[in-house]
Number of protein chains: 4
Amino acid sequence: MTSPKQRIIETALRLFSTQGYNTTGINQIISEANVAKASFYQYFKSKEDLCVEFLNARHTYWFNALNSFTASETRVNSKVIASFDFLIFMNKKEDFRGCSFLNTLSEIPMDNQKILAVIQNHKSDLRSYFLELLNNQELSDHVYLLFESSIIESQMFRSNELIEVSKRLITNLIQ
Amino acid sequence: MTSPKQRIIETALRLFSTQGYNTTGINQIISEANVAKASFYQYFKSKEDLCVEFLNARHTYWFNALNSFTASETRVNSKVIASFDFLIFMNKKEDFRGCSFLNTLSEIPMDNQKILAVIQNHKSDLRSYFLELLNNQELSDHVYLLFESSIIESQMFRSNELIEVSKRLITNLIQ
Amino acid sequence: MTSPKQRIIETALRLFSTQGYNTTGINQIISEANVAKASFYQYFKSKEDLCVEFLNARHTYWFNALNSFTASETRVNSKVIASFDFLIFMNKKEDFRGCSFLNTLSEIPMDNQKILAVIQNHKSDLRSYFLELLNNQELSDHVYLLFESSIIESQMFRSNELIEVSKRLITNLIQ
Amino acid sequence: MTSPKQRIIETALRLFSTQGYNTTGINQIISEANVAKASFYQYFKSKEDLCVEFLNARHTYWFNALNSFTASETRVNSKVIASFDFLIFMNKKEDFRGCSFLNTLSEIPMDNQKILAVIQNHKSDLRSYFLELLNNQELSDHVYLLFESSIIESQMFRSNELIEVSKRLITNLIQ
DNA sequence: CATGAATGAGCGTTCATTCAT
DNA sequence: TATGAATGAACGCTCATTCAT
């Protein structure tokens, strides 16, 4: 069996992703992770602390999933388009729950620097991901911005319509 | 003195915008609105009900502010760009709190149809706003998507940088 | 249209009978009686006051219904048995809700003399009802006691079984 | 000092018995039991849950008290009569508060199956108690029904009169 | 005679966290 | 290292009643 700490993080990963941060209570987490309450506070000094670890775990999971999904594409342009297809794939898999990082951003108080930093870090990496692919700051930012919209619009309308729109726009942009 | 209902809505407008929906309790609202708890529930059958009214009020306020801000621009292209400047203006005014509708979207359970409808309605109106300005579905959607990213990226990074990037991208798109 | 006071009493009759005293709020009563809140407190100085009037109205209604139901019986013994059939009739009509007076007795604080008096008065009348029929204190008390059990047992078990048992016992007692 | 759970049950036993279920709030219970509110909800997932435990505890307590009270009687007939004397004893001890089970029956919504089951179970055991004593279904039901009336009539009239009447009736029935 | 606005007190419940062992 | 007991504060909401008009 995995370690208590690992079980807590895995449970948080599942619950925070699907129910949101505020909606998910410590009690549910420790109960589903089969961990004593005091054990929880041994590994995480607060729920906020767990949130940071959750976002880090999500970061890793998400980029791994993205890279796996697009691995078979060799040409840059196809890889970019496949990244948007990845959103469609994830929307199906996670029922249009959107981006954990943006969702968390809306749930925490504005002055929570620690969590904010993790969120910003994730999105900076995403921005770099497109920059590394496209090697053109303006173009990659353009794609990044449409990618971000694609996430939230599809979450909001429970529909991939605007992802498809974005794909068409980008196809035009990158030939 | 204004009516209790009005004071409640104004207080909710202020508190939900700045602190978020879940973080703001009924107790704080009624206390700052100087209203008895039972009075609150005479006007709003639930907190969710108030949320709907809040979003409606915010919708009206936001579009009025947008129209005021861009009123002096006569040419379409300038009006579009001015809309992005409006985001910068609001970020300064509201300290990068982002979009109440997107923030609320992240705070409510996924199956809350009533609130979701209000959120979708607001964004549909925004999408139409750009369509009416530009009279070109693909182009206006493009602008709409960059507008949405601009909001969330500037909220997340507490910076207008990516709004400026979007402005440059759009300037190229619409000449 | 009937008078406001009348409408209130009729509504209370309906709601207190079916939902109980504590479960039924003033708001529901005035709303279903189409009466303003302040009007209510013009006619009844408190909810307790209404309870008294409700029990009085129920007293009249119940004895009228009992007398109607047993009117066709001419012989004493048949009238007594018919009284128990009346319980079965009422259980069907009111879905085993039991006796409003005994239910209210359990709902009010023990020291509420005003309401207690109305309850005692009702049951004294019932005891007298059987005494007048049977002209024999011991026998009529015997029947009265089985009648009371019949009400509460059928309410508790949502079944007329023990009413039928009582009927058989009484048939033996009075030949 | 006893455990919190024990203190809660004991307090509930005292307060529900004397004040009724709806009248007794969680706040009073935890305050008089010297227990934090959250501790209460660790042991009982709802007030209804506590009600079930209360009725179970009352069931045990009541039958124990009954058996103790009648233990010295060896002949069946004396044991039956002693059971009615037990009611007189309890009325003195508990100031004519009647039967917790019947009182609760009147306080809960009709569709509360969980509590209803506990109530029915208690009374079924009582019915069996007389059946085992008397070994005659019709006779024991007769006694059971007079026993039930005796409880509610003495509660309603704050008097043991009708218990004495019942005792006389039963003495005649069983010689 | 009639009203609807407004209230204080209390409801049952859940939260993230700490303590004693 | 690991635990379950215990907590204070706050949650959203409903109650019977009163007041100003």
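Nearest-nucleotide assignment on DNA chain E puts the 5′-proximal partner with C/Ala36, out of C/Ala36 and D/Gln28. If you find the closest nucleotide of DNA chain F to B/Thr24 and to D/Lys5, the one lying nearer the 5' end belongs to D/Lys5.
At whole-Å resolution of the value, CZ in B/Phe40 and C1' in E/dA5 are 16 Å apart. A straight line from OH of C/Tyr21 to P of F/dC15 spans 13 Å, rounded to a whole angstrom. Whole-Å rounding puts the C/Lys47 NZ to F/dT18 C1' distance at 17 Å. To the nearest angstrom, C1' of F/dA6 lies 17 Å from CD of D/Gln6. In this structure, B/Asn34 places its CG atom 13 Å from C1' of E/dT7, rounding to the nearest Å. Between C/Ile30 atom CD1 and E/dG4 atom P the separation is 9 Å, expressed in whole Å. If you measure from atom CD1 of D/Ile29 to atom C1' of E/dT13, you get 14 Å, rounded to the nearest angstrom. Taking atom CD1 of residue B/Ile26 and atom C1' of nucleotide F/dT14, one finds them 13 Å apart after rounding to whole Å.
Residue D/Glu32 holds its CD atom at 11.5 Å from CG of D/Asn27, rounded to the nearest 0.5 Å. The CZ atom of D/Arg158 lies 9.5 Å from the CZ atom of D/Arg97; values are rounded to the nearest 0.5 Å. Between the CG atom of A/Leu102 and the CE atom of B/Met156 there is a distance of 5.5 Å, given to the nearest 0.5 Å.
Residues satisfying the ring pair (Phe, Tyr, Trp, His ring centres under 6.0 Å) test with B/Tyr21, not counting sequence neighbours, are B/Phe16.
Judged by distance alone with a 3.5 Å cut-off, no donor-acceptor contact links the side chain of A/Lys37 to the base of E/dT18.
Closest to the side chain of C/Gln42, from the set E/dA16, F/dT17, E/dC1, is E/dC1. Of the candidates F/dT3, E/dC15, E/dT7, F/dT3 carries the atom nearest the A/Ala38 side chain, counting heavy atoms from C-beta on.
Closest heavy-atom contact between A/Thr24 and A/Gln28: CG2-OE1, 4.0 Å.
Seen from the ring of D/Phe40, D/Lys47 does not count as a face-on cation partner, given the 6.0 Å and 45° thresholds.
Backbone-only engagement by D/Pro4 is indicated by non-hydrogen atom pairs under 4.0 Å involving sugar-phosphate atoms exclusively.
For the pair B/Asn27 and F/dG12, the criterion of a side-chain N or O lying under 4.0 Å from OP1 or OP2 is not met. Between F/dT14 and B/Tyr41, no contact under 4.0 Å exists linking OP1 or OP2 to a side-chain N or O. Distances shown here put a side-chain N or O of B/Ser39 below 4.0 Å from the OP1 or OP2 atom of E/dT7. The shortest distance between the side-chain N/O atoms of A/Tyr43 and the OP1/OP2 oxygens of F/dA2 is below 4.0 Å.
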Would you write the dot-bracket representation of DNA chain F, where each base gets (, ), [, ], | or . depending on whether it forms a Watson-Crick or G-U pair under 3.5 Å and with which partner?
.||||||||||||||||||||

Apply side chain to side chain donor-acceptor pair (under 3.5 Å) to C/Glu107 and D/Asn103, showing your working.
CA-CA 7 Å; C/Glu107 291 217 55; D/Asn103 287 334; over 6 Å; no

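Using bins of under 30°, 30° to 60° and over 60° for the plane-to-plane angle, the ring pair C/His122/C/Phe101 lands in the parallel bin.
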